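Notes for the one structure printed next.
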2 protein chains.
Amino acid sequence: MLSIGTLAKRTGTKVQTVRYYEQIGLLPEPGRTEGGQRRYGDSDLDRLAFIRHARQLGFTLDAIRELLDLSDNPGRSCADVDRIAHRQLKEVEVRITRLEALRKELKRMLGECSRDTVADCRVLEVLRDHAACLTDHGQGA
Amino acid sequence: MLSIGTLAKRTGTKVQTVRYYEQIGLLPEPGRTEGGQRRYGDSDLDRLAFIRHARQLGFTLDAIRELLDLSDNPGRSCADVDRIAHRQLKEVEVRITRLEALRKELKRMLGECSRDTVADCRVLEVLRDHAACLTDHGQGA
DNA sequence: CTTGAACCTCTACCTACTGTAGCTTGTAAG
DNA sequence: CTTACAAGCTACAGTAGGTAGAGGTTCAAG
């Protein structure tokens, strides 16, 4: 049986985060010692490792909840799992596209700035006047 | 003089967001009507447009605060502005790199899944076993 | 003068955690 | 067996950057 600290260390998680996952129902309530300290088994370790890995791949906690539910029903079609992963892929691709547009605009902005006082700063000028932008960077960050 | 709703509409901001910016000191407290409603002038419009544009380029509110301060001192060197914009560019590039690694891993994961039940799902298997990953996607999301 | 859209304040909520305060438990050394 | 102290406990507050709603007031058009 593992203490919360050991579990956290083994999965690269912070202790508070483990308790947080329990609080939001992502991890089951573990057994306790007589004194009230949490004690974990191997299934908890596996589950937490799964969660952390999925988080590293950018899945939201809600998506992870779905994946864990699916994982608990081995007989079901894996189409749902596929759907969730595809959705995640799409989200990642959207974010990449958007960030690439930002990169382009920032580079252009920086490339044009040659004067030396704020009064003539091209960067500030671009920020002041959206119309000076070439790329669309409309929604969200 | 503009009402908060008009100001919001002209800058593509929500009314609550305008009040939020005022609350955190990013926008100055505007004049009020006798009845207590906010009334804005052109300088507020410019300032808010600047903020929104910088937000669209991914600058944090703290960075924007710095940029606005610099913008208010036209005689200063624009090196500081450059530094902030460069930092932002670097952050964007880091995020792109990271997301590209995620995309690669997600694609690989999805490409390998051909079985049809959750029990054999390659996606879940990869999530269960970090060692099955090729790419490093260690820190943050 | 009436109506109702738009405004007001205040508070709570979102994601995914992280940090702190003040107290208790577990464990290893002496 | 006692003591020291790391690690655990709960509860609450805070982070970024807003968003949503309740419950009440004001403005402006007709």
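Everything numeric here is computed off the predicted structure, so don't read it as measured data. Just so it is clear: chains get the letters A, B, ... in the order the sequence lines come, proteins before strands, and each one is counted from 1. Computation of the quantities below employed the complete heavy-atom set of this structure, encompassing side-chain atoms and omitting hydrogens, waters and symmetry-equivalent molecules.
- Within 6.0 Å of atom CZ in A:R83, more than 12 heavy atoms from other residues, nucleotides or ligands are found, so the atom counts as buried in its surroundings.
- Proximity note for A:T33 (side chain, C-beta onward) versus D:dC9, D:dG17, C:dG26: the nearest is C:dG26.
- For A:R128 and B:S71, the side-chain atoms include at least one donor-acceptor pair closer than 3.5 Å.
- What separates OH of B:Y21 from C1' of D:dT19 is a distance of 12 Å, to the nearest Å.
- Rounded to whole Å, the distance from CD1 on A:I4 to C1' on C:dT24 is 15 Å.
- In this structure, OH of B:Y20 is placed 18 Å from P of C:dC8, rounded to the nearest angstrom.
- Here the P atom of nucleotide D:dG14 and the CG atom of B:D62 are 17 Å apart, to the nearest Å.
- Residues B:S77 and A:V118 are not in side-chain contact: their nearest non-hydrogen atoms beyond the backbone lie 4.5 Å or more apart.
- Side-chain N/O atoms of B:R10 and B:Y40 include no donor and acceptor closer than 3.5 Å.
- Spacing between atom CZ of A:R38 and atom C1' of C:dT24 amounts to 14 Å, rounded to whole angstrom units.
- Taking atom CZ of residue A:R19 and atom C1' of nucleotide C:dA16, one finds them 16 Å apart after rounding to whole Å.
- Nearest-nucleotide mapping onto DNA chain C: of B:G5 and A:G36, the residue sitting toward the 5' end is B:G5.
- Checking D:dG18, C:dC7, D:dG8 against the side-chain heavy atoms of A:S3 singles out D:dG8 as nearest.
- At whole-Å resolution of the value, CD in B:E34 and C1' in D:dT26 are 12 Å apart.
- Contact of the B:E100 side chain with the A:I96 side chain is registered, since non-hydrogen atoms from C-beta on lie closer than 4.5 Å.
- Side-chain atoms of B:R52 lie closest to D:dG18 of the nucleotides D:dC9, D:dG18, D:dC27.
- Distance CD1 (A:I51) to C1' (C:dC17): 14 Å, rounded to an integer number of Å.
- Listed candidates were C:dT25, D:dT19, C:dT9. Nearest to the side chain of B:K14 is D:dT19.
- Proximity of A:R55 to the phosphate of C:dC17: a side-chain N or O atom is located under 4.0 Å from OP1 or OP2.
- Comparing C:dT18, D:dG17, D:dC9 against the side chain of A:Q16 picks out C:dT18 as the nearest.
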